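Input: a single structure, listed below in structure tokens.
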Amino acid sequence: MKKNKKQVRAYSLGGIVLVVLLLVFIVLLVVGGISINLDGCEGVSLAFVRAAPAEITYTDVMSDLKKDESFDPEAYPADETDYSLELVQLAESVNSELFVYVYAPAGMKATATEIRFSTAINDSFKPEDYALELLDYSGTLAKYKVKDFEVKPEALRYYDVVCVFRKWLEGVDKAPVGGQAVGSVSYPVGELWTACTLDGKVSYSMITSEVITVTDKRVGYIVYPNGFHLVGYTKCESHYVAFTTDRDIERLMEADLTYISNPYVYTSSWNNLGQVSERWQYDDGTTVSLTLTGEQTGGNDGGIFTHKYTWKRIQTAKELLEDNDVTLTQEAKSDLAAMKWVLRFAETEYTSSASAYVYVQNGTRISDVTILRLKFETDGVVYNLGVVDNKQTSSTTPDGGANPPIVHWWEKLFAVFKAIGSWFGGLFSWLGEHWKVLLVVLGCVVGGLFVVWVIVTILRKIAGK
């Protein structure tokens, strides 16, 4: 039986209307959100696209630790006089996060702030510092998340933990002398944790690892002349950290360290009564990480009528004490005499200007200096170890300054040629770089002309006779 054309058109029109209504219904679900009451499901919303993502919830510290049948809470007693930190456990999450569990006898009066570890071992060993976020605590045990860290996708993962940190506490920790300041105190760990994923399951193992501990330390800087500029006189500040360790180091080969660099403006003003006011203004700090080697050298730029100073990045404290280019304060000398090694890790410039009642200085403040890794040789054996070291800042007073060098007049003259050459290039630049050669050439020319004059004079006299 054939359908007439009117029926076909009716069915087609009805299908189109049904499709349109269905599309409108889907749009309302996705964009606006509507609720449908079903038997036994009153108030259940079907609007799911605009819902906020579910927040990650973390289990508490005791639930996690009790998964280990050998865990004994009684093994972590409280002691309000003990502000040390001890790593208990390390674990990864399904969200590629890393958790650390820390024992603090003094409880939350000694909250951990950072952890130092390397995810590579052997020759690639390179520890870094990571901030910790407190998630939960119970008595002397606390659970932290390692911030800004993501678990690697490899099946075998390493965490060579060097130390953990807490903030320096007044009245608890020894106060540094000479205007020094300690921001963070470190506690040794020395544990290599291995996480292994097999058939979707993660297992952990731990063995002890070697570390080296800084037992005494001084952070300071030395001022060197850096030349005259059109806008004023600038100086170079050579920043260093001197230290001793609990292990003998015969030859220091490499060192990793970090510090925070803060540009500043210092203003000091006074009135007719002699009253002085001071103000420090700092820009945002930048964390700087660097590796020093025994072959590297540092120095100031030098300039017109100034001397260029150079020094080794890694040197002994004795070498710094015997440096004839430097005059150190008595306090710095006393401290350095008790140290063995010095890292001359950075140079910064500062400018200053003064008027009748105001002194202004622009420069860079170096703070929170800490050594992360030392590669050294002792008894013919080379070690590459993580360092347990506090984060320390120098005083605002320099530890010494450069001795005025003896600069001869000809050095000053050719320094001018060199400066002019740096502006215009070409011949002046060549003269500035090769002034000693020029002196020899000029001497030869003058000597040659003198010889020619003598010969000509003799010949004239002979001819005259």
Side-chain angles (χ1 to χ4, degrees), residues 48 51-77 84-105 107-108 111-166 186-211 372-373 384-386 388:
F48 49 84
E55 293 185 2
I56 299 175
T57 58
Y58 298 105
T59 54
D60 62 84
V61 59
M62 297 305 292
S63 297
D64 291 352
L65 293 176
K66 286 180 179 179
K67 292 178 181 178
D68 182 357
E69 295 180 356
S70 64
F71 171 71
D72 180 12
E74 300 299 324
Y76 304 97
S84 64
L85 299 175
E86 179 183 331
L87 180 64
V88 177
Q89 177 70 40
L90 182 149
E92 301 170 341
S93 78
V94 294
N95 298 310
S96 298
E97 298 169 311
L98 184 64
F99 301 136
V100 292
Y101 301 83
V102 177
Y103 166 50
M108 288 302 97
T111 305
T113 56
E114 291 177 282
I115 185 169
R116 175 173 296 172
F117 65 86
S118 172
T119 56
I121 59 175
N122 299 327
D123 292 340
S124 300
F125 174 75
K126 194 174 184 63
E128 298 181 40
D129 291 343
Y130 299 90
L132 295 176
E133 177 185 347
L134 178 63
L135 298 179
D136 182 60
Y137 70 93
S138 176
T140 61
L141 296 167
K143 176 181 179 180
Y144 299 87
K145 183 179 76 171
V146 179
K147 299 179 67 175
D148 301 320
F149 179 82
E150 185 173 347
V151 173
K152 292 185 176 182
E154 288 85 353
L156 196 62
R157 301 169 296 281
Y158 297 104
Y159 304 97
D160 198 342
V161 186
V162 178
C163 59
V164 289
F165 294 86
R166 64 165 173 80
S186 60
Y187 288 91
V189 175
E191 295 178 356
L192 172 56
W193 288 80
T194 303
C196 178
T197 301
L198 184 62
D199 296 330
K201 295 182 179 180
V202 181
S203 60
Y204 301 90
S205 63
M206 186 274 290
I207 60 174
T208 59
S209 60
E210 290 186 279
V211 296
L372 287 78
R373 180 185 66 92
N384 189 32
L385 302 180
V388 181

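Basis for what follows: all heavy atoms, side chains included, without hydrogens, waters or symmetry-related copies. Just so you know, these numbers come straight off a predicted model, no measurement behind them.
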Can you confirm whether P73 sits close enough to M62 that some side-chain heavy atom of one is under 4.5 Å from a side-chain heavy atom of the other?
yes

Residues passing the side-chain contact (heavy atoms from CB on, under 4.5 Å) test with Y103, sequence neighbours excluded, are Y76, P77, E86, V88, P105, T140, L141

- Query: Going through the checks in order, is the side-chain contact (heavy atoms from CB on, under 4.5 Å) test met by N384 and D123?
  - Reply: CA-CA 8 Å; N384 189 32; D123 292 340; 5.8 Å; no

Here the pair of heavy atoms bringing L85 nearest to A104 is CD2-CB, 3.8 Å

Next on the checklist: Run F99 and L90 through side-chain contact (heavy atoms from CB on, under 4.5 Å) and show every step you take.
Outcome noted: CA-CA 6 Å; F99 301 136; L90 182 149; over 6 Å; no

By side-chain hydrogen bond (donor to acceptor under 3.5 Å, both in side chains), S84 pairs with (sequence neighbours left out) D82

Residues 195-206 vs side chain to side chain donor-acceptor pair (under 3.5 Å), sequence neighbours excluded, gives R157-T197

Hits for side-chain contact (heavy atoms from CB on, under 4.5 Å) against E133, two or more places apart or cross-chain, chain-then-number order -> L135, K145, K147

query = Any side-chain heavy atom of T119 within less than 4.5 Å of one from F149?
reply = yes

Flag for S118-D160: side-chain donor and acceptor within less than 3.5 Å: no

Next item on the list: Would you please test W193 and L87 for side-chain contact (heavy atoms from CB on, under 4.5 Å) and show each step?
Entry: CA-CA 11 Å; W193 288 80; L87 180 64; 3.7 Å; yes

Sorted by chain and number, sequence neighbours left out, salt bridge (charged side-chain N to carboxylate O under 4.0 Å, His left out) with D64 holds for K143

By side-chain hydrogen bond (donor to acceptor under 3.5 Å, both in side chains), S93 pairs with (sequence neighbours left out) E97

Can L98 and Y159 be said to form a side-chain contact (heavy atoms from CB on, under 4.5 Å), step by step?
CA-CA 10 Å; L98 184 64; Y159 304 97; 3.7 Å; yes

Does D148 CG have over 12 foreign heavy atoms under 6.0 Å away? no

Check your understanding: Once the angle between the rings of Y130 and F117 is folded into 0 to 90°, is it parallel (under 30°), tilted (30 to 60°) or perpendicular (over 60°)?
Key -> parallel

